[in-house]
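Working notes, beginning with the structure itself.
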Amino acid sequence: MAMDASEIETLIKAALPDAVVRIEDLRGDGDHYAAYVESAAFKGCSRVQQHQMVYKALKGRVGDQLHALALQTAVPKDA
Amino acid sequence: MDAPTADRIRRDISENDVVLFMKGTPVFPQCGFSAAVVQVLDQLGVKYKSFDVLLDPSLRETIKGFSNWPTLPQLYVKAEFVGGCDIVREMFQSGELAELLKSKGIATGAPA
């Protein structure tokens with residue numbers, strides 16, 4: 001079971017249209033990625049809430065099709 | 001979500017200040033992310049109760065719905081979900097985790 005980076009980015013941007021997304025394939029197995037996601041939608045949200053928004057965008061794939069997604073979220077400076 | 005298991009989780013996180021649901025045990029973590037959180041807690045020298053979800057499939061599934069968080073490990077402080085590996089590590093590096101524990105009156109000390 002695996003995903004490719006562009007699919008992850010597409011799903012995140014579908015839910016967070018303004019998002020800056022950087023995906024890094026940690027092991028080349030399509031199962032372990034690191035993602036940096038920056039969006040104004042995160043403003044005022046706790047880290048847990050921000051990560052939950054990304055997980056929601058990925059429609060249940062994290063922990064299932066995608067074994068691990070090391071996630072870092074941020075709010076744009078000018079947001 | 002399996003109600004009896006959810007009730008058990010609710011009881012465990014209220015009866016223990018710091019609770020870590022993980023894969024494996026602190027001595028034998030079975031996943032790198034779980035091991036990383038164990039390392040953070042040991043470096044903070046904080047006492048915690050751990051639960052090995054690999055021994056309890058119902059716990060492993062129920063905990064994800066309970067916290068609306070799809071992966072393990074999961075750290076709870078005073079019955080509040082703090083985060084998984086990424087967030088715990090980020091909070092540790094920024095000093096927020098030590099601050100949170102202190103603000104909740106939870107002792108930290110010499111690294112284990």
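Residue numbers begin at 1 in each chain, while the letters A, B, ... track the order of the sequences.
Connection of A/Val62 to A/Met3 is established within a shared hydrophobic cluster, with ILVMFWY side chains joined at heavy-atom distances below 4.5 Å, either directly or through further cluster members. Residues A/Ile23 and A/Leu66 fall within the same hydrophobic cluster, defined by Ile, Leu, Val, Met, Phe, Trp and Tyr side chains chained together at heavy-atom separations under 4.5 Å. At a threshold of 4.5 Å between side-chain heavy atoms, the hydrophobic network of Ile, Leu, Val, Met, Phe, Trp and Tyr places A/Leu11 and A/Phe42 in one connected group. Connection of B/Val37 to B/Val46 is established within a shared hydrophobic cluster, with ILVMFWY side chains joined at heavy-atom distances below 4.5 Å, either directly or through further cluster members. In terms of hydrophobic clustering, with Ile, Leu, Val, Met, Phe, Trp and Tyr side chains grouped at heavy-atom distances under 4.5 Å, A/Val48 and B/Leu20 are assigned to a common cluster.
B/Phe28 shares a hydrophobic cluster with B/Val27; the chain of contacts runs through ILVMFWY side chains whose heavy atoms sit under 4.5 Å apart.
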With 3.5 angstrom as the limit, list the donor-acceptor pairs from chain A to chain B, or say none if there aren't any.
from: A/Arg47; atom 1: NE; to: B/Glu90; atom 2: OE2; distance (Å): 2.7
from: A/Arg47; atom 1: NH1; to: B/Glu96; atom 2: OE1; distance (Å): 3.2
from: A/Arg47; atom 1: NH1; to: B/Glu96; atom 2: OE2; distance (Å): 3.2
from: A/Arg47; atom 1: NH2; to: B/Glu96; atom 2: OE2; distance (Å): 2.8
from: A/Gln52; atom 1: NE2; to: B/Ser67; atom 2: O; distance (Å): 3.1
from: A/Gln52; atom 1: NE2; to: B/Asn68; atom 2: O; distance (Å): 2.9
from: A/Leu71; atom 1: N; to: B/Asp86; atom 2: OD2; distance (Å): 2.7

